[in-house]
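Given the structure is predicted, the values throughout are model-derived calculations rather than measurements. One-based numbering, in listed order, for ligands and for the atoms of each.
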Amino acid sequence: MYAGAIVETAPKSLLYSDPQHPYSKALLDAVPRADPSFVRQPVVAGEVPSLLDPPPGCRFHPRCAAAMERCRTEVPRLRETSRNRQVACHLFEDRGPAET
Ligand code: SF4
């Protein structure tokens with residue numbers, strides 16, 4: 001969930017091992033690791049938006065490195081991307097559910 005909106009649903013083991021939504025990936029990448037060889041991705045820039053006046057379109061778009069023009073205006077719908085997994089992101093809208 002980001003800024004009050006569900007961005008991804010999946011069984012816990014699947015979500016932790018293979019997050020798909022850009023926010024899920026960033027969130028799990030921020031978890032401390034005891035592995036010194038682990039290469040951490042850059043921290044997500046920006047601030048969490050106000051829930052009283054969230055950004056239009058995808059609420060994560062001001063902070064998302066993958067944001068496209070449509071992300072600024074179109075709310076991504078939660079859709080099935082594979083068995084037992086739903087993701088709300090325009091990156092996945094042209095893809096049919098994958099076999100798992
Ligand atoms: S819909 Fe766009 S801004 Fe939102 S997470 Fe997906 S790519 Fe990023």
Legend entry - Ligand-side contact atoms (ligand 1) for residue partner L91, heavy atom cut-off under 4.0 Å: 7 (S)
Legend entry - Atoms in ligand 1 flagged as close to P22, the criterion being non-hydrogen separation under 4.0 Å: 5 (S)
Inset, instruction - Using 2.8 Å as a strict upper limit, say whether an N, O or S atom of H61 approaches atom 4 (Fe) of ligand 1 that closely. - result: no
Inset, instruction - Answer yes if L27 and V7 sit in the same cluster of Ile, Leu, Val, Met, Phe, Trp and Tyr residues linked by side chain heavy atoms under 4.5 Å apart, and no otherwise. - result: yes
Inset, instruction - Can you pull out the closest protein heavy atom to atom 6 (Fe) of ligand 1? Residue, atom name and distance to 0.1 Å, please. - result: C89 SG, 2.3 Å
Legend entry - Atom indices of ligand 1, in the order listed, that fall short of 4.0 Å to a heavy atom of A66: 7 (S)
Legend entry - Closest protein heavy atom (residue, atom, distance) for atom 4 (Fe) of ligand 1: C58 SG, 2.3 Å
Legend entry - Closest protein heavy atom (residue, atom, distance) for atom 2 (Fe) of ligand 1: C71 SG, 2.3 Å
Legend entry - Parallel, tilted or perpendicular: rings of Y2 and F60 (30°, 60°): perpendicular
Inset, instruction - Would you indicate whether the side-chain heavy atoms of Q20 and C89 approach each other to under 4.5 Å? - result: no
Inset, instruction - Please confirm whether the backbone N or O of A3 pairs with a side-chain atom of R59, one donor and one acceptor, at under 3.5 Å? - result: yes
Inset, instruction - Kindly indicate whether the side chain of D18, heavy atoms from C-beta on, has any atom under 4.5 Å from the side chain of R85. - result: yes
Inset, instruction - State the NE2-SG distance between H61 and C64, to the nearest 0.5 angstrom. - result: 10.0 Å
Legend entry - Mode of C64 contact toward ligand 1 - side chain, backbone, both, neither (heavy atoms, under 4.0 Å): side chain
Legend entry - V87 side chain reached by S24 side chain, heavy atoms, under 4.5 Å: no
Legend entry - atom 1 (S) of ligand 1: the protein heavy-atom neighbour that sits closest, reported with distance to 0.1 Å: H90 N, 3.3 Å
Legend entry - ligand 1 atoms in contact with H21 (distance to a heavy atom under 4.0 Å): 5 (S)
